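For reference, the structure discussed in these notes is given below.
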Amino acid sequence: MEWLVFVVIGLAAGAASGFFGIGGGFLIVPGLMLATGMPLIYAIGTSLVAVGCSSASVTSRVRACTSSNSRAFSMAITAWSANVSISAI
């Protein structure tokens, strides 16, 4: 029955973020805390990792499909890495 809580929170967060245009982390972090009893700092970290992995995946896919500037791609990856590192502190 615990999985049902995850499904309901996930669907509600997805629907609200899509309908209202708000960020998913705004809803996912409290959802993780509610569903799992996870401390705030771990919920934030989990959300950051999920966003980072999704961003890296999309960036690499766009890079593979287009003839984008390699320097801009390198700068974006560096900025993302710095952001994740600083957020982890």
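Because the structure is a prediction, the values reported are computed rather than measured.
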**Item:** Contact summary for Met33 and Met38, nearest pair of heavy atoms
**Value:** CG-O, 3.4 Å
**Message:** Tell me whether Thr36 contacts the main-chain N or O of Leu32 through its side chain, where contact means a donor paired with an acceptor under 3.5 Å.
**Reply:** yes
**Prompt:** Hey, any chance Phe6 and Val8 share a hydrophobic cluster, counting ILVMFWY side chains that come within less than 4.5 Å of each other, even indirectly?
**Reply:** no
**Request:** Report the distance from atom CD1 of Ile28 to atom CG of Leu48, rounding to the nearest 0.5 Å.
**Result:** 12.5 Å
**Closest approach of Ala35 to Val5 (non-hydrogen atoms, all atoms of both residues)** = CB-CG1, 3.8 Å
**Request:** Look up atom OG1 in Thr46 and atom CD1 in Ile41, then write down how far apart they are to the nearest 0.5 Å.
**Result:** 10.0 Å
